[in-house]
Each structure stands twice: as structure tokens, then as C-alpha cells.
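Heads up: the structure comes next, in C-alpha cells.
Keep in mind that what you see is a predicted model, and the values were worked out from it rather than measured.
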Amino acid sequence: MVTQLVLGKPSETFWEAYQHLWENSSERSPFKAPHLLRYFSDITPNTVGAFVFVREGKLRGAFLLKERRGVCSFLSDLKTDVNTFVLDRYCTDEERYAFCWELLEAIRKQGWSFELNNQPAEANYLPLLEAAARQMGVPWLLVPHSTCPMLKATTPADVEMHLQQNHRYRYYANRLRTQEQAVFRAFDQEEALESWVKAYCQAHIQRWANTPTPSNLQSVRQQKFLLYCLRAWHQDGLAVRFSLHLPDERPIAFAIGLRQPPALVFHTTTFNPAFSRYSPGKALIYHIAIWMAQNGLSVLDFGDGAEAYKYDTANDERPLCRVFICQETHLAQRAKALSFQYLKAHPRVERAYRYKMKPLAAKVAVFLHVLIESMEAMLAGL
């Protein structure tokens with residue numbers, strides 16, 4: 001194996017080397033976990049590939065990518081909160097710069113542009129990537145994008161204490177326990193996975209019905225996608241499924257957590273709207289904090305998005321940005337980059353786009369998915 005960009009599904013030899021690299025990386029991001037990316041490489045309709053960065057016969061860095069219409073992005077964009085390159089924790093600055101330079105050179109030879117979403121603003125390779133791009137004379141644009149709110153504590157016990165001191169969250173949890181006999185469950189293995197996902201999807205669809213942003217889980221394909229993502233995370237020992245159950249074992253609140261020590265990533269959540277008066281989502285967060293204290297985790301990372309409920313408990317945040325590195329001739333992609341920059345600089349315009357135009361497009365997309373699946377089922381029955 002030599003340093004190069006390899007197009008097509010990665011080989012078994014690559015995945016063996018990547019497993020060791022991911023385990024030795026500083027982030028150990030669940031969104032870059034081996035089983036998850038193997039699954040993504042199998043299902044994406046786009047061109048896939050891997051940039052492998054080798055030093056002294058050892059894989060020291062990797063970038064799993066997908067390409068569409070001349071634009072290259074992270075393969076993990078299929079389901080992620082945060083994107084990072086996977087680099088060995090012991091890489092020197094010189095090696096990180098070499099990784100950035102050789103990656104840009106490989107992508108430039110393909111005639112592609114970059115769109116790197118959900119980049120942590122503090123990522124130590126970003127200044128090196130920018131320096132390499134500017135030295136090559138390739139247009140570079142970094143735009144603030146979003147944020148990951150976090151509850152950071154000194155010790156795991158402090159996470160529990162922080163929630164214990166929040167009287168509202170303690171009240172929500174106690175009320176559900178005393179009035180509905182709700183019980184907290186945490187699943188870190190694959191047991192009851194399919195039934196749990198089915199209940200999660202049903203609750204998510206009900207939760208977002210008759211809103212500007214209906215659930216994309218109305219699509220059977222999206223339900224299967226969630227199931228297979230969770231299965232992959234369980235195979236890597238990362239997923240923990242949390243839920244609150246009634247005495248008849250019906251779950252009414254759900255959260256998908258991903259281990260990234262010392263953090264737990266609070267990836268997705270929903271609840272049965274019939275129990276909304278109890279604030280079951282917040283009650284679940286209270287129980288998760290206790291679970292974290294018992295399992296040695298001191299950071300609750302609420303993931304991408306600045307939803308108000310996250311800031312009820314968050315005391316810090318991780319800014320995210322989007323990076324565009326465009327070929328001079330890619331006018332459409334350069335126009336997209338400038339449009340994105342304009343939206344972020346004009347919050348009113350962005351809100352109109354996000355809450356009016358985008359929800360309408362989402363409704364149309366969900367309708368088309370359901371319609372296509374219904375037609376496929378009818379044709380299969382003929």
C-alpha cells in the first residue's frame with residue numbers, strides 16, 4: 001500500500017489497516033467507525049474512494065470520500081454530526097501538512113472540488129489544509145456553519161450532579177416515574193434492536209406529523225438505513241440506545257447515544273407525543289446523566305444543531321464550519337460556496353430559507369419517497 005487516492009470500494013486489506021488507524025486516532029469518532037463506513041461504501045450510489053496516507057509502511061491517515069458531479073465530500077456525510085480526517089494521534093505537524101498537501105494534489109489531479117461539511121473549527125489540520133490550498137493557488141473558503149452544544153463536567157459524577165441540581169429535569173423524571181411508572185432502559189448490545197427501531201420510527205413520525213418538517217422516517221428505506229447504522233455502531237461497540245418504558249414495556253421516549261470517551265454523543269432523540277405533557281425527552285436526559293456517571297463519561301455532546309432544549313443544560317459548545325476548495329473552472333460550486341457564505345452572513349434570509357423553502361422541499365421529498373415505495377410494492381404484487 002502506498003500513499004494514493006484509490007477509487008472504488010476499499011479492499012479488505014485497507015479495512016484491516018483502517019481499523020488500526022481509527023483505534024489509534026485522537027478522535028475515535030463514531031462517525032468514522034469502520035463498520036459504519038463499510039456500510040456506507042456499500043450503499044451510496046456515488047463514486048466512493050479512499051485517500052491513504054502511508055509513512056514507513058504504516059497507514060497514518062485516511063479520508064473516506066464520495067464524489068458526485070465533480071465535488072468530493074466525506075463519505076460519512078450520509079449520517080454525521082461532526083466530520084474529521086482520520087489521522088494517527090502521533091502524527092507530527094509535518095506529517096499532517098504532508099497529508100493535506102498530498103490529498104489536495106490527488107483531488108486536483110482528478111479535477112474535483114472539495115466540500116467539507118461539519119468541520120470542527122478547532123481541528124488542528126484546518127490551518128495546514130488552508131496553507132496547502134493557498135500555496136497551490138486553489139480558491140479556499142471557510143464559512144461558520146453550526147455548533148455542537150455540550151455539557152462539560154470535570155468528572156463523571158459532576159454530570160449527574162449538574163442534572164440533579166436542575167429542578168425541572170428532576171421533576172420531569174420523578175413525575176413520569178410516579179404517575180406512569182416509567183422505567184429507564186439502556187441497551188449497549190444488539191438485543192431487541194429491530195423492535196426498538198420500529199418503535200422509535202413510529203414515535204418520530206407521530207412527533208413530527210402536521211409540522212413544517214415531517215419525519216423522513218415515513219420512508220421504509222430511511223427506517224432500514226437507521227437500523228443498519230445502529231447495527232454497525234453496535235458492532236464497533238459504540239451505540240447505546242436509551243428509552244423510557246411503561247409497565248407494559250411500551251417505550252415512550254428514545255435517544256441514540258454514541259460513545260466517544262470521555263463524551264457521549266446525544267445523536268438523535270424523539271418521544272411519543274401522547275406523553276408530551278410529561279416532557280419525556282428531558283426526563284430521559286436526566287436518566288442518561290446518571291448512566292454517564294456510572295459509566296465514566298464526563299461530557300454530554302448534544303451533536304450538531306442549536307436547538308433550545310440543548311441549552312437548558314449545555315455549558316459549552318463546539319463551533320462547526322464548512323470548507324469549500326473549488327477548482328477555478330467549477331463555477332456552479334463556487335457560486336454555491338458564495339451563496340452559503342451570504343446566507344450565513346444574513347440570518348433573516350437564512351431563516352426564510354430554513355423555515356419556509358427547505359421544509360416545503362422536505363415535504364415534497366417525503367411524499368415522493370412514499371409514493372415510489374407504494375408503487376414498487378404494487379408492482380411487486382402483480
Side-chain angles (χ1 to χ4, degrees), residues 1-15 17-18 21-22 29 31-54 59 61-87 98-119 123 125-126 128-130 132-133 136-143 145 221 225 228-229 232 304 320-341 365:
M1 186 187 293
V2 296
T3 300
Q4 61 180 322
L5 175 63
V6 182
L7 299 182
K9 293 180 182 178
S11 67
E12 193 63 36
T13 301
F14 167 79
W15 287 118
Y18 181 80
L21 172 65
W22 179 78
S29 167
F31 304 109
K32 299 293 181 292
H35 282 93
L36 185 73
L37 292 187
R38 289 189 78 153
Y39 168 55
F40 289 169
S41 70
D42 288 337
I43 65 167
T44 181
N46 301 320
T47 300
V48 297
F51 174 74
V52 294
F53 179 74
V54 177
L59 184 64
F63 170 48
L64 278 295
L65 62 92
K66 56 184 176 65
E67 178 271 334
R68 182 172 180 267
R69 296 179 180 176
V71 178
C72 174
S73 59
F74 281 97
L75 179 61
S76 53
D77 275 349
L78 293 178
K79 191 168 182 64
T80 191
D81 285 323
V82 176
N83 274 323
T84 56
F85 295 134
V86 183
L87 297 166
F99 172 91
C100 294
W101 177 274
E102 293 179 28
L103 172 61
L104 287 177
E105 186 65 26
I107 297 301
R108 186 166 67 169
K109 286 180 180 177
Q110 294 292 326
W112 295 346
S113 292
F114 267 123
E115 184 173 336
L116 304 179
N117 302 312
N118 295 73
Q119 292 287 284
Y125 59 77
L126 275 181
L128 305 175
L129 185 65
E130 179 179 7
M136 287 183 179
V138 182
W140 159 283
L141 183 62
L142 184 149
V143 184
H145 174 224
R221 290 177 184 173
F225 177 69
Y228 294 151
C229 286
D304 179 23
L320 302 177
C321 59
R322 183 174 296 185
V323 174
F324 296 90
I325 306 175
C326 303
Q327 298 289 335
E328 291 280 0
T329 56
H330 287 189
L331 300 181
Q333 185 64 11
R334 294 179 69 183
K336 178 183 178 180
L338 293 173
S339 299
F340 187 80
Q341 183 183 43

The criterion is side chain to side chain contact (heavy atoms under 4.5 Å, CB included); which residues satisfy it with Arg69, sequence neighbours excluded?
none
Check Thr80, Asn117, Val82, Asp81 against Asp304 for a side chain to side chain contact (heavy atoms under 4.5 Å, CB included) and give me the one that passes.
Asp81
Considering residues at least two apart in sequence or located in another chain, which fulfil the side chain to side chain contact (heavy atoms under 4.5 Å, CB included) criterion with Tyr39?
Ile43, Phe225, Tyr228, Cys229
Write out all pairs satisfying salt bridge (Lys or Arg N to Asp or Glu O under 4.0 Å) with one or both partners inside residues 110-119, taking only residues at least two apart or from two chains.
Glu115-Arg322, Glu115-Lys336
Is Phe114 close to Ile107 at the side-chain level, that is, under 4.5 Å between some pair of heavy atoms?
yes
Looking at side-chain heavy atoms only, is the closest gap between Lys32 and Asn83 below 4.5 Å?
yes
Nearest heavy atoms of Ala133 and Ile325, plus distance in Å
CB-CG2, 4.4 Å
May I have the step-by-step check of side chain to side chain contact (heavy atoms under 4.5 Å, CB included) for Tyr18 and Leu64, ending in yes or no?
CA-CA 10 Å; Tyr18 181 80; Leu64 278 295; 3.7 Å; yes
Any Trp15 side-chain heavy atom under 4.5 Å of Ser41 side chain:
yes
Sequence neighbours excluded, the answer for side chain to side chain contact (heavy atoms under 4.5 Å, CB included) partners of Thr44 is Asn46, Val48, Lys66, Leu75, Leu78
If you round to the nearest 0.5 Å, how far is OG1 of Thr84 from CG of Leu126?
10.0 Å
Flag the pair Met136 / Glu105 as yes when at least one side-chain heavy-atom distance between them is below 4.5 Å, and no otherwise.
yes
Heavy-atom pair with the smallest gap, counting every atom of Cys326 and Gln333:
SG-CG, 3.7 Å
Once rounded to the nearest 0.5 Å, what's the spacing between atom CZ of Phe40 and atom CZ of Phe74?
13.5 Å
With sequence neighbours excluded, what pairs up with Leu128 under the side chain to side chain contact (heavy atoms under 4.5 Å, CB included) test?
Arg96, Tyr97, Cys100
Can you tell me if His330 uses its side chain to pair, donor with acceptor, with the backbone of Gly111 under 3.5 Å?
yes
Please round to the nearest 0.5 Å and tell me the distance separating atom NZ of Lys9 and atom CZ of Arg38.
11.0 Å
Distance from Asp42 atom CG to Leu37 atom CG, nearest 0.5 Å?
11.0 Å
Which of these, Phe99, Phe85, Tyr125, sits in a ring-ring contact (aromatic ring centres under 6.0 Å, His included) with Phe63?
Phe85
Val138 versus Leu104: any side-chain heavy-atom pair under 4.5 Å?
no
With rounding to the nearest 0.5 Å, note down the distance linking CG in Leu7 to CD in Gln110.
5.0 Å
Using the test salt bridge (charged side-chain N to carboxylate O under 4.0 Å, His left out), find all partners of Lys79 that sit at least two apart in sequence or belong to another chain.
none
Would you say Leu142 and Glu130 make side-chain contact, with heavy atoms under 4.5 Å?
no
Roughly how far, to the nearest 0.5 Å, is the CG atom of Leu21 from the CZ atom of Phe53?
11.0 Å
Tell me whether Gln327 contacts the main-chain N or O of Trp112 through its side chain, where contact means a donor paired with an acceptor under 3.5 Å.
yes
Would a distance-only check, ignoring hydrogens and angles, find a side-chain to backbone donor-acceptor pair under 3.5 Å from Ser113 to Val71?
no
